[in-house]
Amino acid sequence: MPHYSGTIQSKLPRVGTTIFTVMSRLAAEHGAINLSQGFPDFDCAPELRALFTKYINAGLNQYPPMAGVPVLREAVAEKAHALYGTEYDVEHEVTIVPGATYAIYTAIAAMVRPGDEVILLEPAYDSYAPSVEVNGGTPVYVQLTYPDYAIPWEAVRQAITPRTRMIVINTPNNPTASVFSAEDLRMLEGVLEGTDIVVIADEVYEHIVFDGHAHQSVARFPGLAERSFVVSSFGKTYHVTGWKTGYVLAPRELMTEFRKVHQFNVFVANGPIQYALAEYMKDKDAYLNLAAFYQRKRDFFLAAIAGSRFTPLRSRGTFFQNLNYDRVSDERDTDLAVRLTREHGIASIPVSVFYREPPQHRVLRFCFAKSEETLSKGAEILSRI
Ligand SMILES: Cc1ncc(COP(=O)(O)O)c(C=O)c1O
């Protein structure tokens, strides 16, 4: 095996293997019920699979256009207009990308210079801070309040300095399962007014908002839409996380810079998948019924663990249910997550890993994008602990 004997000064010295990989590996080793990593254990619609093979067999196997195939960009723009009332120009303001993580990285790489500050709300999806740091930026953290995971607006206001280039928001929110309200977005609009601060709105769970509420996209708010990269992912919406395909909406000025980086980073997203998604998007029910589908799973899981000593925190969106374990153990969440996998055969994600400094709260995140059989087995184990 070749061996590099030079010196490497890591650009990301604190980054190791992600907790998702660690927990999924541990779950596999111990044959545990895996409610850790956020992906479904059921397949996507057979129609979607058939469309993918249809376009492969039709020979659409070469590079698609850099910004994405026009039919998919049109379908995305139409959806955004129908749901959020904002028009995005298909030619200049919609880009199809290989996944939301990529989109977030690319937007940061296009905007953030060494010395720039980027406000992140903690707990934060794990890709944000490394994406900022590898581009020379400095993450500035503001913690959501516990246990309701609300945004402390005064703290956000105080975190803004002349060096603030960007703020990243994520609603519906992973890992907290909270959802930001219209009032939150109006607050953000007010806080950013008169600044050049750009927003990345990670809205990959846009179609998974529960209890009759509507998703509050930044696209709905003119003062935010004009400064935002809106990021979404087909992986979450159509149960195809492995397809790694998503999209970005942004005003032309921002998208021009985004595409400069995109062009030399990946150039294009997967072609036949884009044609398949464009055709599948004609069936609006597939995304409009998604919230009800996952709400049933949330409620099924909650009913099944009702007798356990874990205390559910409110899950308003996404496919995660957080459980407080004050009545179970005083171990650190990272220790408990490992022990539950090894000794009890159930894997979860410790929420502290989404913070720079682990907080005192005792919370584990469970993914309910699973079959009822898996959820029942998981709940049975939790009820015995
Ligand atoms: C908040 C959030 N953003 C982004 C992603 C990544 O999406 P993709 O697989 O399209 O890169 C995820 C996936 O778990 C997520 O939870």
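Heads up: numbering here begins at 1 and tracks the sequence. Each ligand, and each atom within it, is numbered from 1 in the order the structure gives.
In terms of modelled atom types and a separation under 3.5 Å, the side chain of R113 and the main chain of G137 share no donor-acceptor contact. Judged by distance alone, the side chain of E93 and the main-chain N or O of M255 form no donor-acceptor pair under 3.5 Å.
With respect to the salt-bridge test (charged N to carboxylate O, under 4.0 angstrom), the residues E206 and K79 qualify. Salt-bridge annotation for E133 and K11: absent, with no side-chain N of the basic residue lying under 4.0 Å from a carboxylate O of the acidic one. The pair R25-E29 does not meet the salt-bridge criterion, since no charged nitrogen lies less than 4.0 angstrom from a carboxylate oxygen.
Of all the atoms in ligand 1, the ones that sit under 4.0 Å from a non-hydrogen atom of N170 are 1 (C). Close contacts between ligand 1 and S233 involve ligand atoms 8 (P), 10 (O) [criterion: under 4.0 Å to a heavy atom]. Against a heavy-atom cut-off of under 4.0 Å, G99 is close to the following atoms of ligand 1: 10 (O), 11 (O). When each atom of ligand 1 is checked for a heavy atom of N174 under 4.0 Å away, the hits are 1 (C), 15 (C), 16 (O).
Atom 15 (C) of ligand 1 has Y125 CE1, 3.5 Å as its closest protein atom, hydrogens excluded (heavy atom only). Among protein heavy atoms, atom 6 (C) of ligand 1 sits closest to T101 OG1, 3.2 Å.
The heavy atom nearest to atom 9 (O) of ligand 1, out of those in K244, K236, Q37, is found in K244. Summarising the contacts of atom 7 (O) of ligand 1 with P98, A103, A100, the nearest heavy atom is found in A100.
Here Y205 has side-chain heavy atoms under 4.0 Å from ligand 1, and that is the only part of it that gets that close. At a 4.0 Å heavy-atom cut-off, ligand 1 touches D202 through the side chain alone.
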Could you go through residues 141-148 and list every donor-acceptor pair under 3.5 Å that involves a side-chain atom there, pairing it with any protein atom two or more places apart or in another chain?
from : atom 1 : to   : atom 2 : distance (Å)
T145 : OG1    : D148 : OD1    : 2.8
T145 : OG1    : A150 : N      : 3.1
T145 : OG1    : A150 : O      : 3.4
Y146 : OH     : N324 : ND2    : 3.0

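The distance criterion of under 3.5 Å between nitrogen or oxygen atoms is not met by T241 with respect to ligand 1. Considering backbone and side-chain N/O atoms, T245 never comes within less than 3.5 Å of an N/O atom of ligand 1.
Between the side chains of D41 and T374, at least one donor N or O lies within less than 3.5 Å of an accepting N or O. With hydrogens and angles left out, the side-chain atoms of S352 and R332 include no donor and acceptor closer than 3.5 Å.
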